[in-house]
Amino acid sequence: MSNDAASIDLLKNRIAGISTSEFRGQVRVVVPTEHLFASLEFLHGERVFDFLVDITCVDYLNYRGATDRFGLVYVLTNTVTNEQLMVRTFLNEPDLAVPSVTSLWEGANWMEREVWDMFGITFEGHPDHRRILLPEEFAAFPLRKDYPLQGRGERHNFPVLTRDSA
Amino acid sequence: MAVELPENVVVSKLDALASWCRKNSLWPMPFATACCGIELMATGASKHDIARFGAEVFRFSPRQCDLMIVAGRVVMKMLPVLQRIWQQMNEPKWCISMGACASTGGVFDTYSVVQGVDRFIPVDMYLPGCPPRPEQLIQGIIDLQDKIQREGTLGGAEFRLKAAQQPKRALIELPGPPQIDSARNPVVWKSEVQQ
């Protein structure tokens, strides 16, 4: 894994309020939410990060020293130069909406649906904004830290088939 | 009033004959979702040879099956599928709950995993193990065959009896809005309605 410092410098010049840190060769870029789409568009278009490895989210509820509730993480790779970047932005309730990046990477489609399904973050402009892993009628977001591990009774409410009902 | 019968004629009850036919021609419906499914496949393979018990015809079409083998953990999203397949199978039909997960949820006591399929469909035979070995599944099938021979009737009265014994369960009220009984989550589908 290599990291091209030029990408980060150019991004910093273009967009205000960006901070970076590095840990074991992984560069993390924290972008203000209002500049998220512009940053990703720049990285996709001009720095040729052609592969969106993953979109995921972290719930920092009760996390030591955390100031924001959710951290939304985009893992990008440039398959030519093998550059990798972790772009992240912080979100707080009630404003849990970011623009969808399906227009940049087709592969973002299912990843964004998964983040919506598990954390309840909406992606504006997503072509198919539905739950993907859980049933459509599921009401909660299970990977939030305030959701109980055993659920709130969702798995019990199915019709029971008896011998005479079949 | 003894009747002289030829040596190749056996007198039996029609009930026993029907049960005997049923037990020796079980057609399993494999509902395999996890590691137990691999053991189920091994049971069907030549080494263990489930054909010895007349149960080798694994059909993926529920209309042709009369034995459902639930092998592996079942999650909330899969349960309606399981129930639909069970309903599509022909009477008389039986169900084996194979392994710890299908019987009790196993170690997966989480929001999405069903804690035993017997809460939602009738189960005749529980197979312990995580996963059970093919020998155990074969033993389960032999025991189920005994049960079919012992309990089966031509009119299906044993199923009506079992249905009467099964307790009715009430729906659990979920705390706070939104409830999950809406067909589609309005939060998700708001954008679609507006378009």
Whichever hydrophobic residues join F51(A) through chains of side-chain contacts under 4.5 Å: V30(A), V53(A), V58(A), Y60(A), Y63(A), V73(A), V75(A), M86(A), F90(A)
Flag, side chain of K77(B) to backbone of E136(A), donor-acceptor distance under 3.5 Å: no
ILVMFWY network linking I121(A) to V31(A), side-chain heavy atoms under 4.5 angstrom: yes
Minimum heavy-atom distance between Q87(B) and L161(A), given as atom pair plus value: NE2-CD2, 3.5 Å
R52(B) atom CZ, over 12 foreign heavy atoms within 6.0 Å: yes
Distance in Å, D109(B) CG paired with L149(A) CG, rounded so as to fall on 0.5 Å steps: 7.0 Å
Within 6.0 Å of CD in E93(A), more than 12 heavy atoms from elsewhere: yes
Hydrophobic cluster identity match, W110(A) and L134(A), side-chain contacts under 4.5 Å: yes
Closest contact, heavy atoms only, P142(A) versus Y111(B): CB-CZ, 3.2 Å
Interface moiety of V113(B) toward chain A, non-hydrogen atoms closer than 4.5 Å: backbone
Toward chain A, the part of Q88(B) with a non-hydrogen atom under 4.5 Å: neither
